[in-house]
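Encoded as C-alpha cells, the structure appears first; notes follow it.
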Amino acid sequence: QMQLVESGGGLVQAGGSLRLACAASRSSFSAYTMGWFRQAPGKEREFVAAIRWSGGSTYYADSVKGRFTISRDNAENTVYLQMNSVKPEDTAVYYCAADRFGSGSSDTPSYEYWGRGTQVTVSS
C-alpha cells in the first residue's frame, strides 16, 4: 500500500500562484509515475499533469500547458505541482495519484493509488 497526502491548496486570486505538494509513504516512490488530477463540482475527474518514474518526462493537459509545472523529489518522496497564472476555471479538488512503472497516462484507471485531495479555489 502507498499513502499519498496532498497539501498546499487554498484560496488564490486569478493570476496568482499556488504550489501543491504530495507526500508519498513508500520508499519505492522512484518506481512510480506520479500524476495530478482535478475534479470540479458536477464534473468528472480530469487529468492535469504527470511525471514519469524513469527519465522524468512530463505530460500536461492542454488547459494547463505553459501555466503549470509538475516536478518530483525522489529523495523526499514528494511530487509538486506549481500553478501559475491561475484562472477561476482551475477551481477544483486536486488529487495526486501513483502508477507503478507507469507510462504517464492521462487515464484515471491506470493509477493504483490516490490521495484524498486538496481544495484549490481561484477567485476572479
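Side-chain contact between Tyr95 and Arg116: absent, with no pair of heavy atoms (C-beta onward) separated by less than 4.5 Å. By the 4.5 Å heavy-atom criterion applied to side chains, Leu18 and Val120 are counted as neighbours.
With Trp114 as the aromatic partner, Arg45 meets the cation-pi criteria of under 6.0 angstrom to the ring centre and within 45 degrees of the ring axis.
Taking all atoms of both residues into account, the shortest heavy-atom contact from Ser124 to Pro88 is CB-CG, 3.9 Å. Scanning both residues, Arg100 and Glu112, for their nearest heavy atoms gives N-OE1, 3.1 Å. The minimum heavy-atom distance between Ala24 and Leu4, with the atom names listed, is CB-CD2, 3.6 Å.
Taken to the nearest 0.5 Å, the OG1 atom of Thr121 stands 4.0 Å off from the CD atom of Gln119. Here the straight-line distance linking atom CZ of Phe101 with atom CZ of Arg52 works out to 11.5 Å at 0.5 Å rounding. Separation of atoms CZ (Arg72) and CZ (Phe29) is listed at 4.0 Å; rounding is to 0.5 Å. If you take CD on Gln1 and OG on Ser25, they are separated by 8.5 Å, rounding to the nearest 0.5 Å. In this structure, Thr108 OG1 and Phe37 CZ are separated by 6.0 Å, a value rounded to the nearest 0.5 Å. Here the OH atom belonging to Tyr32 is positioned 13.0 Å from the SG atom belonging to Cys96, to the nearest 0.5 angstrom.
Tyr111 is not connected to Tyr60 by any chain of hydrophobic side-chain contacts under 4.5 Å among Ile, Leu, Val, Met, Phe, Trp and Tyr, and they are in different clusters. In the hydrophobic cluster analysis, where Ile, Leu, Val, Met, Phe, Trp and Tyr join through side-chain heavy atoms closer than 4.5 angstrom, Tyr59 is grouped apart from Met83. In the hydrophobic clustering of this structure, Tyr94 groups with Met2; members are Ile, Leu, Val, Met, Phe, Trp, Tyr whose side-chain heavy atoms approach within less than 4.5 Å, directly or through other members. Hydrophobic clustering (ILVMFWY, side-chain heavy atoms < 4.5 Å, transitive): Val122 and Val48 are in one cluster. Met34 and Trp53 fall into different hydrophobic clusters, where Ile, Leu, Val, Met, Phe, Trp and Tyr residues are linked whenever their side-chain heavy atoms come under 4.5 Å apart, directly or through other members.
Side chains of Asp99 and Ser110: a donor-acceptor N/O pair is absent below 3.5 angstrom, by distance only.
Remark: the backbone N or O of Ser123 is not paired with any side-chain donor or acceptor of Gln13 at under 3.5 angstrom. Side chain of Asp73 to backbone of Ala75: a donor-acceptor contact under 3.5 angstrom is found. Side-chain atoms of Ser17 do not come within 3.5 Å of backbone N or O of Asn84 as any donor-acceptor pair. When atom types are taken as modelled, the side chain of Arg67 and the backbone of Gln82 share no donor-acceptor pair closer than 3.5 angstrom. With hydrogens and angles disregarded, a donor-acceptor distance shorter than 3.5 Å links the side chain of Thr78 to the backbone of Glu76.
Under 4.0 Å is where a charged nitrogen must lie from a carboxylate oxygen, and between Asp90 and Lys87 no such pair does.
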Next item on the list: Step by step, work out the side chain to side chain contact (heavy atoms under 4.5 Å, CB included) result for Thr69 and Leu81.
Entry: CA-CA 6 Å; Thr69 302; Leu81 185 68; over 6 Å; no
Note to self: Is there a side chain to side chain contact (heavy atoms under 4.5 Å, CB included) between Ile51 and Val79? Walk through the geometry before answering.
What the structure shows: CA-CA 9 Å; Ile51 184 166; Val79 62; 4.1 Å; yes
Check: Would Cys22 and Trp36 count as a side chain to side chain contact (heavy atoms under 4.5 Å, CB included) if you check the C-alpha gap in whole Å, the side-chain angles of each, and the deciding distance to 0.1 Å?
Finding: CA-CA 9 Å; Cys22 172; Trp36 284 98; 3.7 Å; yes
Next item on the list: Go through the steps to decide whether Glu6 and Val93 satisfy the test side chain to side chain contact (heavy atoms under 4.5 Å, CB included), and finish with yes or no.
Entry: CA-CA 10 Å; Glu6 302 95 339; Val93 177; over 6 Å; no
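The local environment of NZ in Lys43 is sparse, with at most 12 non-hydrogen atoms from other residues, nucleotides or ligands closer than 6.0 Å.
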